[in-house]
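Heads up: the structure comes next, in structure tokens.
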Number of protein chains: 2
Amino acid sequence: MPKLLRDTKQRNAIKRAFFEYRRPLGPKEVLTIASEEVPNLGIATVYRNIKALVEEGELVTIEIPGQPPRYSMPREKSPYLFYCQKSDRVFFLDEEQVNPSFGELPFPFRAKSHEVIFYGEYQEG
Amino acid sequence: MPKLLRDTKQRNAIKRAFFEYRRPLGPKEVLTIASEEVPNLGIATVYRNIKALVEEGELVTIEIPGQPPRYSMPREKSPYLFYCQKSDRVFFLDEEQVNPSFGELPFPFRAKSHEVIFYGEYQEG
DNA sequence: ATCTCTGCAAATGTTTTGCATCAGC
DNA sequence: GCTGATGCAAAACATTTGCAGAGAT
């Protein structure tokens, strides 16, 4: 039997954070955002819900090397990421924005997928 | 003034671990290996020496998203990595092997560097 | 003799877990 | 009323740091 997920204001506030921000968020970021809606929200609840939502397929995990994991709504997943070193935020890039091209890797490397991470500054304004 | 590194049996045991294993190792792995040579070796010493050796350029940090950091003797410096999902090993790729090209990122993204990670299978034989 | 390095333990920082209570179904 | 979910605190982990004594130069 499939596990039942209940509809709580905490879980809704957490889901809304991802829906509104549309970029990968870390647990603490989610806590800050969702706490505006649910004041006494605990960090453990954030972790538990993120984990459940990832298992449900409602969130995907976004990993930047050397950084703690972030999470995001799945339709925004892209192998092209931009990490702003100034604000410590992650943004998705579309393929058109990146215009990548690679040759085929030589033997004995057989690549099934790849991931590109740009490091720099997201210029506000 | 450049900082002086002393020649201790702990540091030598740690360096030897990397030299003998010739693959990226994590701190706990290093502790286990080097402890055979220096029984009372502490994990803090491993961390401190890895950090120092990285700063000296004797080790490089290898980061694969979603995995704890590993360290390795430096080879050709390259932002191109290949992760073998079958054997859990990491390989460096040369720029010629990858032949990458990107367009310039649109505003407001200003990239200073990038990193490409290929996932697949390293074919033995 | 100097001054770095080491081991230990304590301190961080992050994520997980136990448990009594709360609340969705 | 069940039973999953929550908040809090404690526990688990991984990494860093303070310190006094040991060791390299």
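What you see is a predicted model, and the numbers here were worked out from it, not measured in a lab. All values below come from the heavy atoms of this structure, side chains included, with hydrogens, waters and symmetry mates left out. Every chain is numbered from 1 and lettered A, B, ... according to where its sequence line falls, protein lines coming before strand lines.
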Can you tell me the distance, in whole Å, between the [atom1] atom of [X] and the [atom2] atom of [N]?
| X | N | atom1 | atom2 | value |
| --- | --- | --- | --- | --- |
| E56(A) | dG4(D) | CD | P | 14 Å |
| Q10(B) | dT4(C) | CD | C1' | 12 Å |
| Y47(B) | dT15(D) | OH | C1' | 5 Å |
| K9(A) | dC25(C) | NZ | P | 12 Å |
| I50(A) | dT14(C) | CD1 | P | 14 Å |
| R11(A) | dG7(D) | CZ | P | 12 Å |
| R6(A) | dG24(C) | CZ | P | 9 Å |
| E63(B) | dT15(D) | CD | P | 10 Å |

Checking all strands, does R48(A) fall into the base, sugar-phosphate, or nothing category for heavy-atom contacts under 4.0 angstrom?
-> base
Pairs under 3.5 angstrom only: tabulate donor-acceptor contacts from the side chains of residues 18-35 of chain B to other protein residues two or more places apart or in another chain.
unit_1 : atom_1 : unit_2 : atom_2 : d
R22(B) : NE     : F19(B) : O      : 3.4
R23(B) : NH1    : E29(B) : OE2    : 3.2
R23(B) : NH2    : E29(B) : OE2    : 3.2
E29(B) : OE1    : G26(B) : N      : 3.2
T32(B) : OG1    : K28(B) : O      : 3.0
S35(B) : OG     : L31(B) : O      : 2.6

Charged N-O contact under 4.0 Å between R16(A) and E37(A) = yes
Within 6.0 angstrom of E104(A) CD, more than 12 heavy atoms from elsewhere | no
Across all chains, not counting sequence neighbours, the ring pair (Phe, Tyr, Trp, His ring centres under 6.0 Å) partners of Y119(B) are none
Residues at least two apart in sequence or cross-chain that pass ring pair (Phe, Tyr, Trp, His ring centres under 6.0 Å) with F82(B), listed by chain then number, are F109(A)
Between dT16(C), dT15(C), dT6(D), which nucleotide has the shortest distance from any of its atoms to the side chain of K51(A)?
-> dT16(C)
Among the nucleotides dT15(C), dA23(C), dT6(D), whichever has the atom closest to the side chain of P69(A) is dT15(C)
Would you jot down, in residue-number order, the residues of residues 26-44 of chain B having a non-hydrogen atom under 4.0 Å from DNA chain D?
-> A44(B)
Output side-chain donor-acceptor pairs under 3.5 Å for residues 62-71 of chain B, partner residues at least two apart or in another chain, one line each.
unit_1 : atom_1 : unit_2 : atom_2 : d
E63(B) : OE1    : G66(A) : N      : 3.2
Q67(B) : OE1    : R70(B) : NH2    : 2.4
Q67(B) : NE2    : Y83(B) : OH     : 3.0
R70(B) : NH1    : D88(B) : O      : 3.3
R70(B) : NH2    : D88(B) : OD1    : 3.3

Within the pair T45(A) and dG7(D), is there a side-chain N or O less than 4.0 Å away from OP1 or OP2?
-> yes
Side-chain N or O of T8(B) less than 4.0 angstrom from OP1 or OP2 on dT6(C)?
-> yes
Pairwise side-chain hydrogen bond (donor to acceptor under 3.5 Å, both in side chains) hits with a residue in residues 38-51 of chain B, at least two apart = R11(B)-N49(B)
